[in-house]
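Everything on this sheet refers to the single structure shown next.
These numbers come from a predicted model, not from an experiment.
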Amino acid sequence: MRRSELGACFTTAIASVFLCTVSALAQNAQVSDGVVRVGVIEDMSGVYADITGKGAVTAAQMAVEDFGGKVLGMPVEVVFADHQNKPDIAANAARKWFDTDKVDAILDVASSSPALAVLEIAKEKKIITLSSPGSTRITNEVCGPYVVHWAYDTFAIANSTGKALVSQGFDTWYFVTADYAFGQGLEKDTGDVVKASGGKVAGATKHPVGTADFASVLLQAQSSKAKVVALANAGGDTINSIKQAAEFGLTAGGQKLSALAGFINDVHGLGLKEAQGLTITEASYWDMNDETRKWSKRFYGKVNAMPNMLQTGTYSSVLHYLKAVQAAGTDETEAVMNKMRELPVDDVFYKNGKIREDGRMVHDMYLFEVKKPAESKAPWDYYKLLATVPADQAFQPLAQSRCPLVKK
């Protein structure tokens with residue numbers, strides 16, 4: 001080889017190394033502070049701790065683990081906070097994360113009132129925020145360009161459960177409602193579906209979150225003679241109201257109890273003897289197929305419980321966010337949000353999901369009935385599938401949206 005050729009090769013090699021180094025530095029520079037930091041704000045100690053809490057945090061951590069622990073060559077960190085079901089505590093945690101702790105996105109806020117408080121701050125700061133409580137306000141009046149609603153909402157629950165029961169002849173309803181945004185929305189949405197399907201709402205009684213004694217509420221429901229007593233509450237309130245309904249003989253007297261926001265954790269806490277026959281709508285179930293069973297057994301090994309749709313929703317949202325960061329080549333909000341809308345949601349539990357312009361992630365929903373004790377073959381074998389509600393039918397149509405981002 002001539003000296004000139006050797007020199008040219010050497011120069012080319014140096015240039016190649018330089019370009020590779022610059023390219024690597026440029027890629028790393030796309031992650032704002034050398035780490036992708038995501039947060040979840042949960043009820044870690046209150047009435048909703050079993051259905052969110054440690055399980056949701058664990059699901060977020062499992063998503064990071066399944067993604068490989070890094071994105072764009074940078075580590076991914078999960079931080080969490082306990083909002084204690086207080087909107088001001090949730091809002092303060094979010095503001096601190098955004099202003100001081102360099103959190104890139106909040107990927108779950110449990111419970112509607114805390115979530116609504118956090119979303120207002122997120123819109124102000126232009127930070128991607130995902131949540132999985134029930135309030136439909138999240139994709140209506142409170143919608144925003146960086147706000148996404150995962151897992152479920154009260155419209156999907158109402159649409160799935162209300163139509164099915166009215167069609168079976170359960171056409172008069174009485175609501176036992178938790179007195180906050182979620183409960184009120186669930187009562188309204190379900191009542192609207194019942195009436196639109198030809199049924200009648202006989203009445204409703206509201207109760208504070210964390211109620212221990214449901215005696216007076218259930219007596220009013222019993223005296224209404226409604227065919228369905230619908231529980232528009234969640235967590236410990238659902239468990240307590242079902243237990244006490246059994247004591248008062250509601251179902252023995254011929255009334256059907258419907259847990260509108262029931263979760264598999266509630267069934268486990270009650271036992272099949274008390275929970276049998278309940279109708280519950282969820283977005284996922286651990287025992288749907290081999291893939292869900294495999295993942296859920298890993299989850300069980302960490303929290304000693306099978307996952308519900310809020311926890312699988314947290315897993316799904318974190319995984320989808322990381323996929324979007326990878327595809328965008330940056331953690332910059334606008335670029336990542338565009339990729340989140342562009343990419344289909346596809347993971348263990350949520351298949352062919354899509355984020356609409358109002359921020360609603362749409363996917364199939366499932367109506368289950370709780371098995372009789374004799375039908376259950378193993379621990380946590382609690383549900384039998386009654387119906388699959390397709391994504392385009394489960395959620396509020398865009399034509400009915402009150403979100404200013406929706407073009408009509």
Side-chain angles (χ1 to χ4, degrees), residues 30-31 36-42 52 55-72 74-80 103-110 115 118-119 122 127-133 138-139 143-153 156 282-284 288 291-292 295-296 298-299 307-365 391 394-395:
Q30 298 307 302
V31 175
V36 174
R37 189 173 289 110
V38 300
V40 293
I41 305 179
E42 309 292 345
T52 62
V57 175
T58 299
Q61 293 166 339
M62 287 176 68
V64 173
E65 178 185 332
D66 289 351
F67 197 76
K70 292 183 177 182
V71 61
L72 300 178
M74 295 291 103
V76 181
E77 179 184 344
V78 176
V79 297
F80 66 91
V103 169
D104 295 294
I106 294 180
L107 301 182
D108 189 38
V109 187
V118 169
L119 293 177
I127 301 291
I128 292 172
T129 301
L130 282 58
S131 59
S132 58
I138 293 169
T139 48
C143 75
Y146 312 112
V147 172
V148 184
H149 199 174
W150 225 260
Y152 84 117
D153 59 33
E282 290 214 53
S284 66
M288 293 288 277
E291 189 181 19
T292 60
W295 187 93
S296 298
R298 283 176 53 213
F299 180 88
N308 61 51
M309 66 176 167
L310 301 182
Q311 294 157 347
T312 62
T314 301
Y315 173 82
S316 175
S317 65
V318 173
L319 196 61
H320 191 69
Y321 174 80
L322 295 177
K323 289 177 181 178
V325 172
Q326 185 72 46
T330 177
D331 62 354
E332 189 273 324
T333 294
E334 194 73 42
V336 175
M337 192 67 243
N338 287 340
K339 286 296 179 182
M340 289 185 72
R341 293 183 187 278
E342 176 185 320
L343 296 172
V345 177
D346 192 10
D347 55 69
V348 175
F349 294 96
Y350 298 84
K351 304 294 186 183
N352 301 313
K354 179 184 178 182
I355 299 173
R356 299 190 312 198
E357 58 195 282
D358 60 350
R360 174 70 258 172
M361 196 280 276
V362 294
H363 52 82
D364 293 350
M365 295 290 291
F395 293 93

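Counting only distance, with no hydrogens or angles, the side chain of Asp364 and the backbone of Ala391 share a donor-acceptor pair below 3.5 Å. With hydrogens and angles disregarded, no donor-acceptor distance shorter than 3.5 Å links the side chain of Lys339 to the backbone of Gly329. Judged purely by atom type and a 3.5 angstrom limit, Glu42 has no side-chain atom pairing as donor or acceptor with the backbone of Thr52. The closest donor-acceptor contact from the side chain of Arg341 to the backbone of Arg356 lies under 3.5 Å. In this structure a side-chain-to-backbone donor-acceptor pair under 3.5 Å is missing from Asp104 to Val38. The backbone N or O of Ala151 sits less than 3.5 Å from a side-chain atom of His363, completing a donor-acceptor pair. A donor-acceptor pair under 3.5 Å links the side-chain atoms of Arg360 to the main chain of Trp150, judged by distance alone. With hydrogens and angles disregarded, a donor-acceptor distance shorter than 3.5 Å links the side chain of Ser317 to the backbone of Gly313.
The closest side-chain heavy-atom distance from Glu282 to Tyr152 is not below 4.5 Å. Side chains of Met365 and Phe395 form a contact here, defined as non-hydrogen atoms less than 4.5 Å apart. Between Asp331 and Met74, every side-chain heavy-atom pair lies at or beyond the 4.5 Å cut-off. Taking 4.5 Å as the limit, every side-chain heavy atom of Ser284 sits out of range of all side-chain heavy atoms of Thr292. For the pair His320/Leu343, a side-chain contact is recorded, criterion being any heavy-atom separation below 4.5 Å from C-beta on. Ser131 is listed as a side-chain neighbour of Ile138, based on a closest heavy-atom distance under 4.5 Å. Residues Phe67 and Gln326 have side chains in contact (heavy-atom distance under 4.5 Å, counting atoms from C-beta outward). Contact of the Ile106 side chain with the Ile127 side chain is not registered, since no non-hydrogen atoms from C-beta on lie closer than 4.5 Å.
To the nearest 0.5 Å, atoms CG (Asn352) and CG (Asp346) are separated by 6.0 Å. Distance CD/Glu332 to CG/Asn338: 8.5 Å, rounded to 0.5 Å. Note that the NE2 atom of His149 and the OG1 atom of Thr129 stand 13.0 Å from one another [nearest 0.5 Å]. Put simply, CG on Leu119 and CG on Leu130 are 9.5 Å apart, with the number rounded to the nearest 0.5 Å. Atoms CD and CD, on Gln61 and Glu77 in that order, are 10.5 Å from each other to the nearest 0.5 Å. Once rounded to the nearest 0.5 Å, the distance linking OG1 of Thr312 with CH2 of Trp295 reads 7.0 Å.
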Steps toward salt bridge (Lys or Arg N to Asp or Glu O under 4.0 Å) verdict (Arg298, Asp66): CA-CA 12 Å; Arg298 283 176 53 213; Asp66 289 351; 3.0 Å; yes

Stepwise side chain to side chain contact (heavy atoms under 4.5 Å, CB included) test for Gln311 and Thr58: CA-CA 8 Å; Gln311 294 157 347; Thr58 299; over 6 Å; no

Side chain to side chain contact (heavy atoms under 4.5 Å, CB included) between Tyr350 and Met309, worked out: CA-CA 10 Å; Tyr350 298 84; Met309 66 176 167; 4.1 Å; yes

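Tested against Val36 for a side chain to side chain contact (heavy atoms under 4.5 Å, CB included), the candidates Val64, Val103, Val71, Leu72 yield a single pass: Val71.
Neither side chain, Asp358 nor Thr139, offers a donor N or O lying under 3.5 Å from an acceptor on the other.
Pairing each heavy atom of Val109 with each of Ala115, the nearest pair is CG1-CA, 3.5 Å. The minimum heavy-atom distance between Val345 and Asp347, with the atom names listed, is CG1-OD2, 3.8 Å. Contact between Ala63 and Leu322 at its shortest, heavy atoms only, is O-CD1, 4.4 Å.
Phe349 and Tyr315 have perpendicular rings, their planes meeting at more than 60° on a 0 to 90° scale where under 30° would count as parallel.
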